[in-house]
Each structure stands twice: as structure tokens, then as C-alpha cells.
> 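Please find one structure pasted underneath; my questions will follow.
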Amino acid sequence: MAGLTVDQMRVASPFNDCAKDSLNLYRVIDPKIWVKLVGRVRGANFTSIYGKTKAMGYKNITLPEGHTWESYTHFLLATLPARLRQNYIKKFQASIKFWHTVGGGLDEKAIQELLDHGYQIRRNGVSNYTVMRHSRVIFIGKIPDHTDDIKTTKDIPSWKRMCFCILKNDHICRTMGFGLTREQQRNINLLKQKYSKVGET
């Protein structure tokens with residue numbers, strides 16, 4: 001349907017960060033539902049049009065002249081309101097510390113590709129967060145500016161990955177593997193409870 005393969009078909013919220021680039025499919029597959037979405041969800045039509053473009057900080061964005069991904073990240077941070085800026089800084093610092101001290105689980109193919117491309121890494125035991133119990137890998141020295149030369153995995157640290165969080169308004173930093181904190185989840189649950197009966201007659 002709509003030219004999709006089975007692997008491309010999904011059933012989930014159309015408004016999370018991973019799904020926004022396929023939001024336009026709703027307009028193609030079910031126009032009646034699409035009309036309701038546009039009427040109820042602010043920005044739905046904009047996202048369906050621009051979800052795969054630079055306007056949404058998506059995939060093919062290029063660096064401004066004279067910037068590295070690290071310097072561009074710092075530039076973007078300086079433009080944000082203090083509370084939001086501190087949120088990103090806290091997440092970025094936690095990620096950098098994690099990759100320098102604990103390390104993420106990577107399969108052998110990814111580890112070998114990193115070594116072949118000259119990345120300064122070392123193993124740090126076995127990851128309990130991977131089904132196949134992959135080796136944990138620590139990055140030695142500075143976090144890479146980008147890892148565009150690595151094709152086997154996206155789950156490695158870089159300033160480009162951090163920059164994309166800002167460009168995509170990814171406040172939780174799901175792009176970097178973060179999820180909701182317990183406090184954030186508790187606040188969401190309280191809001192759901194508070195407004196659960198809104199609109200009921």
C-alpha cells in the first residue's frame with residue numbers, strides 16, 4: 001500500500017521523532033483521518049511537507065562555513081533559553097562521560113570498522129544492555145566530530161549526533177539513546193491524570 005515494503009510498514013504514534021518523516025503517508029493512505037489530524041494537531045501539515053528536509057534538521061543538513069560540528073553545537077547552545085540550554089548540556093555531558101568511562105555495546109563488525117578507520121577505542125568488559133552481550137567500547141580522547149565514515153552502526157558518539165538533537169528539537173535526546181527520566185515520566189503521568197476527563201460531558 002502506498003508503495004511501501006512490509007519492512008516500512010509500522011503501527012505507532014505518527015508524532016514521535018522517528019516517525020515524522022513518514023507522516024505524509026497518512027494523507028495518501030487515509031485522507032479522512034488526515035483531515036482530522038491536521039485539524040487537531042498543530043504543525044502536522046508542516047511536518048508532513050518538510051519532514052525530510054533541512055527545515056526539520058533531517059539527514060542531509062550541512063555545516064555552515066567555518067564550523068565544525070562541535071563549534072556549531074556550541075553556537076546553537078548559545079542561542080537557546082537558559083533552561084533549555086542547560087537541559088542539553090546536562091545530557092551531552094552525561095553522554096560524553098558514559099562513552100569515556102563505561103562504553104556502549106557494539107558488535108564485532110562495528111568494533112573492527114572503528115579500528116580500521118583509526119578511532120581510538122578500547123574494550124571495557126561486556127554490555128548487559130545488549131541481547132548478544134556485545135563488548136562495551138570506550139572512546140579514548142576527544143569525542144569524534146562526526147562518524148560519517150562508519151557504516152555498520154549509528155550508535156556511537158559524535159558532536160554531529162549531539163548537534164542533531166538541537167536541530168530536531170529533541171529535548172529528551174532520543175537521537176542519542178536517552179529516554180524519559182523517572183521525574184519526567186511522573187510529570188507526564190500526573191498531567192494525563194489531571195486532564196483525563198477533559199471534554200467528557
Side-chain angles (χ1 to χ4, degrees), residues 7 10 12-13 16-21 56-64 67-78 80 82-189:
D7 291 339
R10 61 190 301 277
S13 169
N16 64 38
D17 188 63
C18 297
K20 69 181 180 222
D21 59 312
M56 299 295 287
Y58 190 87
K59 289 185 178 177
N60 296 322
I61 191 164
T62 54
L63 274 173
H67 275 289
T68 63
W69 286 108
E70 181 177 0
S71 68
Y72 191 39
T73 300
H74 288 301
F75 168 78
L76 292 174
L77 285 170
L80 298 174
R83 184 177 176 185
L84 186 56
R85 178 169 62 249
Q86 288 306 313
N87 172 71
Y88 280 120
I89 289 173
K90 185 177 178 181
K91 297 280 189 183
F92 296 166
Q93 288 176 340
S95 178
I96 291 169
K97 182 178 179 181
F98 172 82
W99 283 102
H100 279 155
T101 59
V102 178
L106 299 176
D107 65 29
E108 291 304 313
K109 190 175 180 181
I111 293 171
Q112 190 57 52
E113 187 179 14
L114 286 165
L115 291 170
D116 291 345
H117 283 81
Y119 286 85
Q120 298 298 305
I121 60 173
R122 70 174 173 83
R123 295 173 192 266
N124 185 36
V126 175
S127 171
N128 294 323
Y129 297 101
T130 56
V131 176
M132 303 302 292
R133 296 185 63 76
H134 293 146
S135 294
R136 283 195 307 245
V137 171
I138 286 177
F139 277 71
I140 302 167
K142 290 190 68 176
I143 293 297
D145 201 55
H146 66 81
T147 55
D148 294 344
D149 54 340
I150 303 300
K151 307 303 180 185
T152 52
T153 181
K154 295 179 181 178
D155 298 327
I156 45 180
S158 71
W159 282 98
K160 183 176 182 178
R161 198 174 176 192
M162 289 185 258
C163 190
F164 268 44
C165 284
I166 302 173
L167 292 171
K168 295 163 79 172
N169 286 321
D170 179 8
H171 301 170
I172 297 171
C173 294
R174 292 187 190 277
T175 304
M176 294 169 57
F178 284 92
L180 291 169
T181 64
R182 290 178 183 174
E183 182 180 357
Q184 288 171 327
Q185 188 61 62
R186 185 170 61 249
N187 289 338
I188 288 172
N189 292 339

> With sequence neighbours left out, write down each residue that passes side chain to side chain contact (heavy atoms under 4.5 Å, CB included) with Leu115, or none if nothing qualifies.
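Expected list: Ile111, Gln112, Ile121.
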> Provide the closest heavy-atom pair for Arg161 versus Ile156 in the form atom of the first, atom of the second, distance.
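Reported closest heavy-atom pair: NH1-O, 3.0 Å.
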> How about Tyr88 and Leu76: do any of their side-chain heavy atoms sit closer than 4.5 Å?
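Sidechains of Leu76 and Tyr88: no contact.
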> To the closest 0.5 Å, what do you measure between CG (Leu106) and OG1 (Thr152)?
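Nearest 0.5 Å value for the CG-OG1 distance: 8.0 Å.
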> With sequence neighbours left out, what residues match Val102 under side chain to side chain contact (heavy atoms under 4.5 Å, CB included)?
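Side chain to side chain contact (heavy atoms under 4.5 Å, CB included) list for Val102, sorted by chain: Phe98, Arg136.
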> Quick test of your reading: applying salt bridge (Lys or Arg N to Asp or Glu O under 4.0 Å), list the pairs with at least one residue in residues 83-94, sequence neighbours left out, ordered by first then second residue.
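For residues 83-94, and leaving out neighbouring residues, there are no salt bridge (Lys or Arg N to Asp or Glu O under 4.0 Å) pairs at all.
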> Between OG1 of Thr73 and CD1 of Ile89, what distance do you get to the nearest 0.5 Å?
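Rounded to the nearest 0.5 Å, the OG1-CD1 separation comes to 11.0 Å.
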> Could you name each residue pair satisfying salt bridge (Lys or Arg N to Asp or Glu O under 4.0 Å) that touches residues 94-119, not counting sequence neighbours?
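Qualifying pairs: Glu108-Arg123.
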> Run the side chain to side chain donor-acceptor pair (under 3.5 Å) test against Asn189 and tell me which residues pass, sequence neighbours left out.
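Scan of Asn189 (side chain to side chain donor-acceptor pair (under 3.5 Å), adjacent residues dropped) gives Gln185.
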> Is the centre of the Trp159 ring less than 6.0 Å from the centre of the His74 ring?
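Trp159 vs His74: aromatic centres under 6.0 Å.
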> List the atom of Ser127, the atom of Gly105, and the distance in Å for their closest heavy-atom pair.
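Smallest interatomic distance, heavy atoms only, reads CB-CA, 3.8 Å.
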> Any side-chain heavy atom of Phe75 sitting closer than 4.5 Å to one from Ile166?
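SC-SC contact between Phe75 and Ile166 ruled out.
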> When the side chains of residues 137-151 are checked against the rest of the protein, which donor-acceptor pairs come out under 3.5 Å, sequence neighbours left out?
unit_1: Lys142; atom_1: NZ; unit_2: Glu70; atom_2: OE1; d: 3.2
unit_1: Asp145; atom_1: OD1; unit_2: Trp69; atom_2: N; d: 3.2
unit_1: Asp145; atom_1: OD1; unit_2: Glu70; atom_2: N; d: 2.9
unit_1: Asp145; atom_1: OD2; unit_2: Trp69; atom_2: N; d: 2.9
unit_1: His146; atom_1: ND1; unit_2: Asp148; atom_2: N; d: 3.2
unit_1: Asp148; atom_1: OD1; unit_2: Lys160; atom_2: NZ; d: 3.0
unit_1: Asp148; atom_1: OD2; unit_2: Lys160; atom_2: NZ; d: 3.2
unit_1: Asp149; atom_1: OD1; unit_2: Tyr119; atom_2: OH; d: 2.6
unit_1: Asp149; atom_1: OD2; unit_2: Tyr119; atom_2: OH; d: 3.4
unit_1: Lys151; atom_1: NZ; unit_2: Asp148; atom_2: O; d: 2.8

> Do the non-hydrogen side-chain atoms of Thr175 and Lys154 ever get within less than 4.5 Å of each other?
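They are not in contact (no side-chain heavy atoms under 4.5 Å apart), so the answer is no.
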> Of all residues at least two apart in sequence or in a different chain, which pass the side chain to side chain donor-acceptor pair (under 3.5 Å) check with Thr68?
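Expected list: Ser71.
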> Nearest 0.5 angstrom please: Lys168 NZ to Cys173 SG, how far?
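With rounding to 0.5 Å, NZ (Lys168) is 11.0 Å from SG (Cys173).
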> Can you list, pair by pair, the side-chain donor-acceptor contacts under 3.5 Å of residues 176-184, counting residues two or more places apart and other chains?
unit_1: Thr181; atom_1: OG1; unit_2: Gln184; atom_2: N; d: 3.1
unit_1: Thr181; atom_1: OG1; unit_2: Gln184; atom_2: OE1; d: 3.4
unit_1: Gln184; atom_1: OE1; unit_2: Thr181; atom_2: N; d: 2.9

